[in-house]
Amino acid sequence: MEGKHMSAFSLYQSLQSELPPPLKKPCQRVKVEVKKKKKKVNGSAAAIVNQERAKRRKIRKKLEKAANKQESKKNGPDNTQQQESVTAESLDALLTELTRVNNSKERANNLFQWLLNPVPAKYFFRETWEKKPVYVQRKNPDYYKGLFSTAEFDRILRKENVQYGVNLDITSYVNGKRETHNPPGRALAFTVWDFYESGCSVRLLNPQAFSSTVWNVLSILQEKFDSMAGANVYLTPPGTQGFAPHYDDIEAFVIQLEGKKHWRVYKPRSEGEVLPVLSSPNFDQAEIGKPILDVVLEAGDLLFFPRGFIHQGNCLPDAHSLHITISSYQKNSWGDLLQKVIPAALEVAMEEDVEFRRGLPLNYLTYMGVQNSDKEDPRREIFLSRVEKLIKKLPNFAPVDAAVDQKAKEFFHDCLPPVLTPDELATSVQGAPARWEDGKVKNVGVHITTQTKIKLLRGGCARLCGDGDAVHLCYTVDNSRVYHKEEPKSFEIQAEHTDAVEFLIHSYPNFVTVGTLPCDFIQDKIALAELLFEKGIIHTSEPLEAPPAVESE
């Protein structure tokens, strides 16, 4: 059965004349198969398959004409946004080149610019970010080659423990109705490709947990945004649509990897839906108006749209679609920060200012509240004036830096761990020489001296954060590739070490000698360096050697 489904999938790629059922058929077929599979005990499985194939053959000729008309119409949008073919190095070559870049922030800038080419990143953030969609047509199907593929997706299904609802969703959108068809348990290739052949879309929710390349790309980009960079992969059969029109609460970069997909993007319907806090429910077509962008993405193309912009994508009848959506800036607004600042400011104000501790006026319930909001009562004006006066004093008590640290802790918990370059691997704790050999443990311990040169593994892999009276060092190097699988990673920094850690953070990307760390005693400098090395937070300029063995007399 697996071979059968894969050959059908290959047929979609190679034979454009072999068109699948129209949009409303796949979901019907899914439902019919569920019912008919119960009757296979009567020996009717072959008959069912033949019936379904016969249905396809009858409608293919009709679909060819409709598809040709549909494609000519949808491939003819305004060409003012189209770009000339862009020649760029392959992703593998770029990632290899980035390993030689000394500064992880610079790596992130370079990778992000490659993602956007030929749109300059500065122009993008000034004119487009959080404002409007962008469509980049490259006419270069290999531009994003190596990021992810259907072949890799098939390998993941066969080799990895992919769970329905956790790592993967089976979806359809037929006659204006969005449905999820997830069975319980593990998603195996046998069943997933059966769903796909029946016209369902497949969404891989966290490809970074299974793909080293996606993990690497996202772990670099998260330093560009200082916010979680996530991804979903979407595989859609020809002639179908997997999701209803909706808007998201993230900034979305849609990267077309294989085939093509027709996209329509719509403006936010009201001011209240501009840069929304939460994603929307599914919309009916009548609720969203006319699209402001109507394009067909082909392999190598990019589509960006900000949170709040309604969007929907459907496959044309002659090709499947594989795309990956990279997302960021979820819950990363001024309002999200102020939700942490204002409660903390009130707490400080009540401790330090008696005006915030004075009692409310007697009988204030008789003239305040909704039931009294239309009354003309001078006491209301006095009450509201007092509230305004107290609110204006709040910034004096606002612990903004502490609130930013709280946001940073959340971000560090969201982060992917860094993918180590060969040099970082050789000069970090993961490349330390300790090993088991010839029945003995050899090269135990590392030899850090005041002359050893050290620096952070990444510019954004560690951060000092205040926590009441204590200072903690939060770090990302031990995080999981699975979102929030591990608890947040941090440990308390002793008072005599805080200046040294801060010095190390601000020195990045330069190496500094252990002896220059601002600690009072040499043993404190070496002890701190050894602690950070053992945690994997720093690496050295040269591979460390174990101390020489002492021969016994």
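Keep in mind the model is a prediction, meaning the values are calculated, not measured. Hydrogens, waters and symmetry mates are skipped; everything else that's a heavy atom, side chains included, is used. We're numbering straight along the sequence, starting at 1.
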When every non-hydrogen atom of G199 is compared with those of P237, the smallest separation belongs to C-CG, 3.8 Å
**Request:** Could you tell me whether R100 and E97 have a side-chain N and a carboxylate O separated by less than 4.0 Å?
**Result:** no
### Message
Within the structure provided, determine whether L115 and Y144 are in side-chain contact (heavy-atom separation under 4.5 Å).
### Response
yes
When the ring planes of F253 and F225 are compared, do they come out parallel, tilted or perpendicular, using 30° and 60° as the limits? tilted
**Study point:** Pair T150-E258, side-chain donor/acceptor within less than 3.5 Å
**Key:** yes
Under the criterion ring-ring contact (aromatic ring centres under 6.0 Å, His included), I'd like the reasoning laid out for F125 against F112: C-alpha separation, chi angles, the key distance, then a yes or no. CA-CA 12 Å; F125 283 111; F112 185 70; 5.3 Å; yes
> Hey, mind stepping through E437 and K440 against salt bridge (Lys or Arg N to Asp or Glu O under 4.0 Å) and telling me if it holds?
Replying inline: CA-CA 5 Å; E437 186 177 288; K440 297 179 181 179; over 6 Å; no
Distance-only donor-acceptor check, side chains D301 and Q137, under 3.5 Å: no
All heavy atoms of I522 vs all of T450, minimum pair found to be CG2-CG2, 3.7 Å
Next on the checklist: Taking the cut-offs as 6.0 angstrom to the six-membered ring centre and 45 degrees off its axis, would you call R178 and Y173 a cation-pi pair?
Outcome noted: no
### Message
Under 4.0 Å between a side-chain nitrogen and a carboxylate oxygen: does that hold for E410 and K331?
### Response
no
For D248 and H311: C-alpha separation, side-chain torsions, deciding distance, then whether side-chain hydrogen bond (donor to acceptor under 3.5 Å, both in side chains) applies. CA-CA 9 Å; D248 295 313; H311 53 277; 3.1 Å; yes
(message) Do Y135 and L297 have side chains that approach each other closer than 4.5 Å (heavy atoms only, starting at C-beta)?
(response) yes
Shortest non-hydrogen pair, K159 vs R186, comes out as C-NH2, 4.1 Å
Can you check whether D414 reaches Y483 side chain to side chain, under 4.5 Å on heavy atoms? yes
Got L528 and L532 here, is their nearest side-chain heavy-atom distance under 4.5 Å?
yes
Here the gap from K340 atom NZ to K407 atom NZ, rounded to the nearest 0.5 Å, amounts to 6.5 Å
Can the ring centroids of Y329 and W129 be said to lie less than 6.0 angstrom from one another?
-> yes
Please assess N232 against T325 for the test side-chain hydrogen bond (donor to acceptor under 3.5 Å, both in side chains), listing each intermediate value before the final yes or no.
CA-CA 5 Å; N232 288 335; T325 297; over 6 Å; no
Check: H539 ring centre within less than 6.0 Å of F511 ring centre
yes
| said: For E106, is there an ion pair with R458 - N to carboxylate O distance below 4.0 angstrom? | reply: no
message = For F491, does the six-membered ring have the charged nitrogen or CZ of K535 within the cation-pi criterion, i.e. under 6.0 angstrom from the centroid and within 45° of the normal?
response = yes
*Within a strict 4.5 Å, meaning less than it, do heavy atoms of the L98 and N110 side chains meet?*
yes
**Prompt:** Heavy atoms, side chains only, cut-off 4.5 Å: are V471 and C465 in contact?
**Reply:** no
**Asked** With no hydrogens and no angle check, is any side-chain donor or acceptor of T427 less than 3.5 Å from a backbone partner on P543?
**Response** no
Next item on the list: Establish, yes or no, whether a centroid distance under 6.0 Å links the rings of F305 and Y247.
Entry: no
Does D405 come within less than 4.0 Å of K409, counting only side-chain N to carboxylate O? no
Residues S201 and T236: closest non-hydrogen pair is OG-CG2, 3.3 Å
Result for side chain to side chain contact (heavy atoms under 4.5 Å, CB included) between P207 and one of L147, V214, I156 points to V214
task = Evaluate the criterion ring-ring contact (aromatic ring centres under 6.0 Å, His included) for residue pair F210 and F153; output intermediate values, then yes/no.
result = CA-CA 9 Å; F210 306 105; F153 184 41; 9.4 Å; no
For residues 206-228, the salt bridge (Lys or Arg N to Asp or Glu O under 4.0 Å) pairs (sequence neighbours left out) are K105-D226
Worksheet item: Is the closest side-chain donor-acceptor distance between N161 and Q163 under 3.5 Å?
Response: yes
- prompt: Going by atom types only, do T128 and Y123 share a side-chain donor-acceptor pair under 3.5 Å?
  reply: no
Note to self: For the residue pair S279 / D249, report whether a side-chain donor-acceptor contact shorter than 3.5 Å exists.
What the structure shows: yes
Looking at E130, I want to see if its CD is surrounded by more than 12 non-hydrogen atoms of other residues, nucleotides or ligands under 6.0 Å. yes
Verdict with supporting geometry, E424 and R107, salt bridge (Lys or Arg N to Asp or Glu O under 4.0 Å): CA-CA 14 Å; E424 290 166 346; R107 286 181 206 163; 3.3 Å; yes
Whether over 12 other heavy atoms sit under 6.0 Å from D401 CG = no
Query raised in the report: Quick one: does V404's side chain get under 4.5 Å of V341's, heavy atoms only?
Result: no
Of all heavy-atom pairs linking L116 and L302, the shortest is CD2-CD2, 3.9 Å
| Taking C-beta and beyond as the side chain, do D520 and E496 meet within less than 4.5 Å on heavy atoms? | no
Correct closest heavy-atom pair for K455 and N102 would be NZ-OD1, 2.6 Å
